[in-house]
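Proteins get letters first, then strands, A, B, ... in listed order; numbering begins at 1 in each.
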Amino acid sequence: MGVAQDTDALVSIQGVVKDFGGVRAVDTVDLEIRRGEFFSLLGGSGCGKTTLLRMLGGFETPTAGRILIDGQDMADVPAYRRPVNMMFQSYALFPHMSVERNVAFGLEQDRVGRAERDQRVSEALEMVQLADFGRRKPHQLSGGQRQRVALARALVKRPKLLLLDEPLAALDRKLREKTQFELANIQEKVGITFIMVTHDQEEAMTLSDRLAVMNAGRIVQVGTPGDIYEFPANRLVGEFIGTINVFEGHLDADSGMVRCAGLDLPILLEERIGTGGSRGETVAIGIRPEKMRIRKIDRASEASDVGAGTDAAPLAANALTGHIEDIAYLGDLSIFHVRLADGRKVQVSRTNITRRRDEPLTWEDAVAVDWDAAAPVVLHQ
Amino acid sequence: MRRGSFLALGLWAGFAFLYLPIIVLIVYSFNASRLVAVWGGWSVKWYGELLRDPQILGAASMSLQIAAISATVAVIIGGLAGYALSRFGRFRGRTGFSAMLTAPLVMPEVITGLSLLMLFVAMESLTGWPDGRGMTTVIIAHITFAAAYVAVVVRSRVAGLDMALEEAAMDLGARPLTVLRRITLPMLTPGLLSGWLLAFTLSLDDLVIASFVTGPGATTLPMLIFSKVRLGVSPDINALATLIVLVVAAGVLLSGWILLRAERRHARQVRAAFRREGAMGEG
Amino acid sequence: MKPSGNAGDADAATDSAGLATRGRTLGILIPTIWLLLFFAIPFLFVVKISLSEAAYSVPPVSDLLVWQDGWPVLQATWANFALVLTDSLYVQALYGALRIALIATALTLLIGYPMAYGIARAEPGMRSLLLLLVILPFWTSFLIRVYAWSTLLQDQGMINNALIWLGIVEEPVRMLNTEFAVLLGIVYSYLPFMILPLYATLERLDGTLLEASADLGARPFTTFWRVTLPLSLPGVAAGCLLVFIPAAGEFVIPELLGGPDTLMIGKILWQEFFNNRDWPVASALATILLLLLIGPILLLDRTQSKAESA
């Protein structure tokens with residue numbers, strides 16, 4: 001096939017399609033997942049990420065395409081023969097079995113001898129810090145404990161691949177943050193390839209080596225968390241992961257300048273951001289709020305002040321002025337909603353280095369906003 | 001796949017088992033011959049005979065009256081009991097209360113019938129009531145076991161209802177009786193209706209208990225059918241069975257259609273509401 | 001504001017609360033009184049009659065209390081119980097009823113479980129239709145459905161005709177008036193009572209548990225045996241009790257489908273009462289049957305209460 005074979009790939013998804021009664025849930029997905037990697041499928045509800053995961057687990061059959069795990073075609077391999085284990089979103093712990101029996105269940109299916117089985121079960125429970133809870137029934141455990149039993153049960157068989165379906169969604173916020181680190185540590189320790197489905201971008205960014213953003217059944221972008229945040233492939237990715245200010249304008253390829261309606265000054269792009277477009281093409285430019293600087297200006301000299309840079313050298317590009325319409329104080333940082341002359345809004349964030357009462361900026365202040373040429377990124381539609 | 005079709009096969013075999021006798025009865029109700037073994041050609045003469053038989057008509061009318069009255073009272077008693085069981089939480093004597101509602105569901109009819117008769121006989125000699133046995137005693141007997149069935153239906157129905165609705169009504173200032181009239185009863189109506197239908201059918205169907213507690217002059221339809229079929233094949237019973245099946249099927253189809261229509265209307269309204277909301281959200 | 005207004009409000013509040021409490025009491029009291037009077041207390045009269053002697057009178061029993069020299073004297077007799085527990089007819093009828101009910105329950109479970117499973121695994125739209133098909137026969141007359149089997153099972157009935165036509169047998173097989181016919185009739189009549197509780201537990205069964213089992217390497221049969229079946233046991237228990245208890249006292253089915261050698265307690269009780277007009281013996285039989293079934297009945301009540309609280 002034409003798909004490049006990555007020798008390091010454990011999972012190879014090739015042109016996979018899944019239709020549910022005329023609705024295309026997964027649309028021609030090609031993806032390679034490397035051995036030992038923590039990979040995330042990120043997207044909103046209904047984007048097809050869970051369906052893709054369930055096809056890997058063997059709970060759904062692809063309408064078209066192939067799935068290879070460790071070089072072996074999974075087409076005719078039922079769920080119970082795959083070298084894959086899954087941690088279900090609901091945990092799916094057997095309510096009529098104790099924690100030990102739950103964890104031992106998979107080993108019993110493999111006819112692992114009793115001594116080894118007991119050994120591995122207690123190791124697995126120790127790993128998730130539940131050594132003392134083996135005789136409890138699932139309903140006698142807290143949500144966090146159940147989650148760890150599910151993890152132990154899925155890992156005890158030492159699968160080549162562990163699938164995690166929204167593993168932290170059922171936990172409250174504090175517990176979720178703590179568990180994130182535990183999950184990452186365990187993955188590092190056991191060295192098993194993890195594929196996690198999540199709708200929580202923060203979770204995906206924290207945990208993953210690489211992640212894929214999905215929308216409407218397709219993969220929109222694959223990359224490391226840094227790649228995807230800094231260089232979102234399009235507007236959708238930029239808006240899904242973090243916040244981004246978007247300006248549309250005409251690109252002048254020679255100068256790397258973009259002139260946008262409603263902005264007095266053009267946006268200047270650094271060379272490496274690459275436009276790939278020709279002169280006069282309409283492009284969308286995205287700038288993250290934290291990559292913008294904000295400062296107060298004198299209302300009277302507003303117009304003349306626009307071009308003044310921080311060191312009083314006039315700027316020819318990458319700046320705008322407006323009024324503060326709203327301030328969201330988040331503790332560690334504040335987000336300023338700046339209204340431009342034409343009514344559009346721009347979000348600028350700033351770390352709160354000083355105490356709040358020293359805040360020099362307040363509602364209705366006239367402000368100037370500027371950014372470096374490295375800040376903007378071209379978004380493809 | 002193979003397992004799925006195996007299951008489907010078992011399922012359809014099971015349905016064939018359930019429906020075969022009924023279909024055979026319907027076919028034979030049009031058999032001109034009196035004998036089961038002989039097909040004497042198509043005929044509707046048994047229907048004519050059935051509808052001209054004053055005994056059958058009388059018994060049918062008696063059974064319908066008994067069923068209507070006992071179903072109505074059973075809905076009140078069973079409805080209260082079912083509501084109490086699913087909403088009143090722990091109350092004194094709950095265990096006994098619940099057991100008294102479960103037992104009539106499964107109690108062999110010969111025991112229920114005999115014991116009720118013994119009660120009526122003893123009451124008559126003590127108080128003079130009931131004066132002899134007949135329709136009234138059959139109605140009382142039918143109310144008793146039908147109420148237990150109604151309680152089951154209402155109990156499961158109430159358990160599926162959102163209690164917050166009643167609390168919301170109270171929070172908005174509705175007095176208990178208003179809550180009952182405006183919120184609880186309308187929500188329970190489908191459950192009470194199906195409970196009534198169930199009680200009606202059970203009463204119409206009962207042979208054993210009625211045989212114990214009835215008296216001269218009160219012969220119900222099942223008692224008449226029983227005396228006929230005990231003597232062997234009687235083709236007019238085939239015709240009667242066919243009529244019953246037709247009435248039941250029509251009733252089920254009708255109520256199914258009404259329910260389906262209500263459900264569709266509801267779904268349409270919900271969709272419309274979502275569309276409005278969606279439009280507002282985008283605007 | 002005005003004190004009077006406040007007082008009125010307070011009155012209304014206590015009024016409402018009182019009304020609610022009274023409504024609650026009434027809601028429990030009415031069914032309780034009815035069931036006590038017409039369901040529980042009658043058993044006491046059965047016990048009373050079972051201790052009396054048969055007599056040529058109306059009602060055909062002797063009085064339990066007899067006045068002698070101005071003093072009431074209890075004239076209870078254990079004779080009816082002694083007769084019922086020693087005479088082989090009654091003992092065999094009791095044993096036969098329990099045996100047939102047990103076998104029939106097992107057969108109903110064997111047929112009903114796959115059906116309930118199939119319905120629960122069907123597509124949601126299909127499910128209600130299939131469920132309706134299970135319940136529908138239940139709405140038509142029970143008596144007539146049993147009678148239908150008697151015509152089918154006759155020596156010249158459709159089944160025998162079909163068997164002969166197919167060349168499977170040469171002579172009609174005797175089926176009507178046998179224990180086989182009684183078992184068939186019970187299985188047929190009580191099948192919905194088995195399927196409905198089974199369906200209820202199977203439908204509630206979390207599908208991801210089955211997926212988790214497969215994911216951990218269990219083959220479909222292992223998944224069924226170790227996950228599905230144990231989790232559906234409450235439904236199995238409820239279904240079996242719903243079939244066994246009434247079947248043990250069944251009268252119509254052995255009467256219409258059974259033979260003279262099919263001894264079941266319900267039929268014997270009926271005969272004692274209607275044919276022999278021996279109320280005390282009939283009452284003794286009823287008392288013994290009730291004592292045998294009280295355990296299963298309470299068990300059924302407990303499984304149902306548990307299912308609800310779960």
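Contacts between C/Leu191 and chain B at a heavy-atom distance below 4.5 Å involve the side chain alone, from C-beta outward. Only the side chain of C/Leu269 comes within contact range of chain B, with heavy atoms under 4.5 Å apart. Residue contact with chain B, scored on non-hydrogen atoms closer than 4.5 Å, involves the backbone and the side chain of C/Ile28 alike. Contact of B/Ser125 with chain C is not made at all, since no heavy-atom distance falls under 4.5 Å. Looking at B/Val245, both its backbone and its side chain come within 4.5 Å of chain C, counting heavy atoms on both sides. Interface remark: C/Thr287 contributes no atoms to any contact with chain B (heavy atom separation under 4.5 Å). Of the two parts of C/Leu36, the backbone and the side chain both hold a non-hydrogen atom closer than 4.5 Å to a non-hydrogen atom of chain B. Residue B/Ser98 touches chain C through both its backbone and its side chain, counting heavy-atom pairs closer than 4.5 Å. Neither the backbone nor the side chain of C/Ile195 comes within less than 4.5 Å of any heavy atom in chain B. When heavy atoms are compared at a cutoff of 4.5 Å, C/Leu285 does not approach chain B at all. For a residue to count as touching a neighbouring chain, one of its non-hydrogen atoms must lie under 4.5 Å from one of that chain's; by this rule C/Leu293 touches chain B with the side chain only. Using a 4.5 Å cut-off between heavy atoms, C/Val146 does not touch chain B at all.
The shortest side-chain heavy-atom distance between C/Trp34 and B/Ile76 does not fall under the 4.5 Å cut-off. Inter-residue side-chain proximity for C/Phe274 and B/Ser211 is flagged as met; some heavy-atom pair is nearer than 4.5 Å. In this structure, C/Pro246 and B/Met107 have side chains that are not in contact, with every pair of non-hydrogen atoms separated by 4.5 Å or more. A 4.5 Å side-chain heavy-atom check between C/Trp270 and B/Val208 finds at least one atom pair inside the cut-off. Residues B/Leu116 and C/Phe39 have side chains not in contact (no heavy-atom distance under 4.5 Å, counting atoms from C-beta outward). At least one side-chain heavy atom of C/Pro137 sits under 4.5 Å from a side-chain heavy atom of B/Ile22. Side-chain contact between B/Leu25 and C/Tyr147: present, with at least one pair of heavy atoms (C-beta onward) separated by less than 4.5 Å. Side-chain contact check for C/Phe138 versus B/Leu198: some heavy-atom pair is nearer than 4.5 Å.
In terms of heavy-atom pairs under 4.5 Å with chain C, the best-connected choice from B/Val121, B/Leu207, B/Thr112 is B/Val121. Between chain B and the residues C/Asp155, C/Ile41, C/Ile111, C/Val134, the largest count of heavy-atom pairs under 4.5 Å involves C/Val134. When the candidates B/Asp206, B/Ile143, B/Leu105, B/Leu180 are compared by the number of heavy-atom contacts under 4.5 Å with chain C, B/Ile143 comes out ahead. Per-residue counts of heavy-atom pairs under 4.5 Å with chain B were compared for C/Ile245, C/Ile135, C/Ile294; the largest is that of C/Ile245. Listed options B/Thr95, B/Leu197, B/Leu101, B/Val247 were ranked by heavy-atom pairs under 4.5 angstrom with chain C; first place goes to B/Leu197. Ranked by heavy-atom pairs under 4.5 Å with chain C, the first of B/Ala147, B/Ala141, B/Ala99, B/Gly79 is B/Ala99. Interface check for chain C: of the options B/Phe91, B/Trp12, B/Phe145, the most heavy-atom pairs under 4.5 Å are formed by B/Phe91. Among the candidates B/Ile225, B/Val179, B/Leu240, the residue making the largest number of heavy-atom pairs closer than 4.5 Å to chain C is B/Ile225.
Here CG of C/Leu256 is found 5.5 Å from CZ of B/Phe226. Values are rounded to the nearest 0.5 Å. Considering OG1 of B/Thr102 and CG of C/Leu298, their distance stands at 9.0 Å, rounded to 0.5 Å. Here the CE atom belonging to C/Met158 is positioned 6.5 Å from the OH atom belonging to B/Tyr28, to the nearest 0.5 angstrom. In this structure, the separation between CG on C/Leu289 and CD1 on B/Ile111 is 4.0 Å, given to the nearest 0.5 Å. Atom OG1 of B/Thr144 and atom CZ of C/Phe38 lie 6.5 Å apart (nearest 0.5 Å). In this structure, the separation between CG on B/Leu204 and OG1 on C/Thr140 is 11.0 Å, given to the nearest 0.5 Å.
B/Leu80 and C/Pro31 get closest at one heavy-atom pair: CB-CG, 3.9 Å. Considering all non-hydrogen atoms of both residues, C/Ala286 and B/Leu114 come closest at CB-CD2, 3.6 Å. Considering every non-hydrogen atom in both B/Ala241 and C/Ile144, the closest pair reads CB-CG2, 3.1 Å. Residues C/Leu143 and B/Pro222 come closest through the heavy atom pair CD2-O, 3.2 Å. The two atoms that bring B/Met100 and C/Ala40 nearest to each other are SD-CB, 4.1 Å, heavy atoms only. Closest approach of B/Phe17 to C/Tyr188, counting heavy atoms only: O-CE1, 3.2 Å.
At least one donor-acceptor pair under 3.5 Å links the side chain of B/Asp205 to the backbone N or O of C/Phe142.
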(request) May I have the step-by-step check of side chain to side chain contact (heavy atoms under 4.5 Å, CB included) for B/Phe88 and C/Arg24, ending in yes or no? (result) CA-CA 8 Å; B/Phe88 292 171; C/Arg24 228 180 105 114; 3.5 Å; yes
Stepwise side chain to side chain contact (heavy atoms under 4.5 Å, CB included) test for C/Leu241 and B/Val106
CA-CA 8 Å; C/Leu241 290 167; B/Val106 288; over 6 Å; no
Subject >> Audit row: C/Phe43, B/Met118, side chain to side chain contact (heavy atoms under 4.5 Å, CB included) steps and yes/no >> reply: CA-CA 8 Å; C/Phe43 294 132; B/Met118 296 305 160; over 6 Å; no
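In this structure, B/Phe212 and C/Phe273 have tilted ring planes: the angle between them lies in the 30° to 60° band.
Heavy atoms of other residues, nucleotides or ligands lying less than 6.0 angstrom from CZ of C/Arg127 number more than 12. B/Arg230 CZ: more than 12 foreign heavy atoms inside a 6.0 Å radius.
For B/Phe120 and C/Phe45, the ring centers sit 6.0 Å or farther from each other.
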